[in-house]
Amino acid sequence: MADQITPRPKTQREILLQTPSQQPYVYPDGTVNQNPNLDGVGPDGRNNRGNHVSFRDDNTKPFSLGLKENDEAIVFYMENVIKPTVIQNGVVQKVPIYYGSPERWAQVQKEGYFRDLKGKIMMPVITYKRVSVEKNRNIANKIDANYPNNVQLFQKPYSVKNQYDNFNILNNRIPKKESYAVVMPDYVTLTYDFIISTYYVEQMNKIVEAMNYASDSYWGNKERFQFNARIDSYATTVELVTAGNRLVKTNFSLKLNGYLIPDTIQKELASVKKISNATQLIFNMETVATIPESNTSIDPRRSIQSKNNPASFTDK
Amino acid sequence: MALFGTQRDVSLFRHMSRELMADIITEQCAYYKYKLEETKINLYGEAAEEKFYIGPVLLNTLVERTDNVYPETDLGTDYDKEVQFSFLRDDLLGAGEDFNKFDNKGNSYTGLPGTGYGANLVPQVGDIIMYNEGYYEVHETISNQYFVGKNPDYPNNVNTINKTDGPGDLSAYGSNISIICKAHYVQADKLGLTQARFQ
């Protein structure tokens, strides 16, 4: 077992060098065209038309991940994993969470399930707001937004147009492989301010314990995105104002290590989005018994001495 | 010796006030007081588990409503309202105390078994009042409306000329008319009186 050789995955550079857009064309006279697809139209004359691959009829859409997905990861994790609850009037009560300061009509009329008959907010509730987005340059970057060549390739496992059946195997036909290039994301640190409001300190204790337990783990939907979330401190206050209700509040900040891949026009124009493997046609050697010009009355195709099997084209 | 504000005068005003509040204005509210022995509190001084109440006691009251306010808080658009409830103090005294009975000297009530009228209730801060499907927590009680400026509970200056229980006794003059409760709106689900949350 010690001498077992495990396959070494190709580096990103090796993959990129295999793509047609990275291989310059060499003219018969030896001159090298750096890139024939450069049409000189782009913002600085380096727009590569070869990268303009259509996504029509493709069930995989260009990948993008925005701030909304980061925000949704938090509320998903809170509602489906942490599931904070309190005991109120002898009943286990689910604690609603919502993004702070929604539109008035929405919070009073549409999302009014945590309000009483008169419209007053019933505790406990958890609200959160994103307060800052800080760029993290310590992990990686796409180098330049004008020419984002630092990409990660994801190969499409199956394509209807290239079914790999026994016929293709017999004819040594290699199916066409498509890869999707996803630009290196912008790593950011998102800061959220949370406010937990309850009627009682005893209820607050339970919620803070639950939040603290979930801290430092990856928050989000396993089927979608997960981000590392950290909570460092909690500040609890009991507000008892004159002519007002007693309210227990806990404020804390949550730092989410997220990332962004926007779906901007700039990225769509400049970056490589979809790459196919090299397709090559190989013609077998053909010979003729006689030179056709010597006897034009004879159909030269009758004397082709090759295995002119059209299925022998090798599609790499 | 005081000249005005004898118990007969007080009785006149009591009858008029009671008739006015009960038969003419007829605003009512339900008054809840906590059962202190049964409602347990925790380390933080809060009854997070269950609350037990005495009542509700239906009382005639004069209500001064303020406008609804919708303050923008950290949690969003909230709701608040302050209401002032004024009670005739004699309505809140003990049930066996008849205020319309006088001794033969015309002094204040004698404590004779009466008509059973009286709520036997002392409004305090923290009590709950239900009014128009809303619950209000009392945060202030005011009891300083004295008829002719005298509170018979504190006569202080005993007239040395007239003997005690005589016409010169200041405890037979004036009256403490009302108890005013200032209250603010409180969520129904916090009190556990009615089901206000269905999710």
Side-chain angles (χ1 to χ4, degrees), chain A residues 86-91 93-109 111-129 193-206 236 238-249 251, chain B residues 39-53 65-84 125-126 128 130-142 181-199:
Chain A
V86 298
I87 297 174
Q88 189 152 296
N89 300 321
V91 177
Q93 181 72 56
K94 185 181 173 186
V95 182
I97 177 172
Y98 56 93
Y99 198 88
S101 301
E103 286 189 75
R104 281 196 177 89
W105 69 268
Q107 57 176 312
V108 173
Q109 299 174 30
E111 302 291 338
Y113 63 92
F114 51 85
R115 292 172 183 270
D116 67 3
L117 193 64
K118 304 284 185 180
K120 191 167 181 63
I121 298 172
M122 294 187 290
M123 309 300 159
V125 292
I126 300 175
T127 63
Y128 74 105
K129 275 183 188 175
D193 276 355
F194 276 70
I195 301 173
I196 308 173
S197 304
T198 60
Y199 290 132
Y200 307 112
V201 178
E202 200 167 303
Q203 294 177 340
M204 181 63 72
N205 291 347
K206 294 289 180 190
T236 300
V238 180
E239 296 178 3
L240 187 57
V241 296
T242 307
N245 291 312
R246 182 177 184 267
L247 185 63
V248 184
K249 272 189 178 180
N251 295 275
Chain B
T39 306
K40 307 296 181 189
I41 60 171
N42 61 12
L43 169 71
Y44 309 106
E46 54 196 22
E49 296 291 332
E50 287 177 304
K51 293 183 173 72
F52 298 92
Y53 300 91
R65 294 167 294 274
T66 60
D67 294 338
N68 299 347
V69 290
Y70 298 91
E72 289 296 335
T73 65
D74 296 334
L75 309 178
T77 305
D78 210 346
Y79 168 84
D80 214 346
K81 186 181 182 72
E82 288 190 29
V83 181
Q84 178 176 300
V125 171
I128 304 298
M130 191 190 82
Y131 173 71
N132 283 2
E133 291 188 320
Y135 292 92
Y136 299 86
E137 185 183 61
V138 176
H139 61 261
E140 195 175 331
T141 59
I142 301 167
C181 296
K182 291 187 175 179
H184 61 272
Y185 186 81
V186 63
Q187 297 96 325
D189 72 322
K190 181 180 182 183
L191 306 172
L193 287 166
T194 54
Q195 186 175 6
R197 201 160 188 158
F198 297 94
Q199 188 171 355

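Note that the structure is predicted; figures quoted are calculated from it, not measured. Computation of the quantities below employed the complete heavy-atom set of this structure, encompassing side-chain atoms and omitting hydrogens, waters and symmetry-equivalent molecules. Numbered from 1 within each chain, the chains take letters A, B, ... in sequence-line order.
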Distance in Å, A:S101 OG paired with B:L75 CG, rounded so as to fall on 0.5 Å steps: 9.0 Å
Heavy-atom closest pair, residues B:T77 and A:R115: O-NH1, 2.6 Å
Any donor-acceptor pair under 3.5 Å from A:Y199 side chain to B:L191 backbone: no
Side-chain H-bond candidate by donor/acceptor type, A:N205 with B:Y44, under 3.5 Å: yes
Atom group of B:E140 that falls short of 4.5 Å from chain A, counting heavy atoms: neither
Which atoms of B:E82 approach chain A - backbone, side chain, both or neither, heavy atom under 4.5 Å: side chain
Atom pair NZ/OH of A:K118 and B:Y185 - distance to nearest 0.5 Å: 6.0 Å
For chain A, the option from B:K81, B:E46, B:H139 that forms the most heavy-atom pairs under 4.5 Å: B:E46
Exam field: side chain A:N89 to backbone B:D189, donor-acceptor pair closer than 3.5 Å: yes
Side-chain donor/acceptor of B:E50 to backbone N/O of A:G90, under 3.5 Å: no
Interchain contact, B:A47 with chain A, by part (heavy-atom threshold 4.5 Å): backbone
Check: B:K190 main-chain N/O paired with A:Q88 side-chain donor or acceptor under 3.5 Å: no
Nearest atoms (heavy-atom pairs only) where A:I195 meets B:D74: CD1-CB, 3.4 Å
Proximity breakdown for B:E137 and chain A, heavy-atom pairs closer than 4.5 Å: side chain
Under 4.5 Å from any heavy atom of chain A - which part of B:K51: side chain
Pick from B:G76, B:G192, B:A48, B:G45 with the largest number of heavy-atom pairs that fall under 4.5 Å of chain A: B:A48
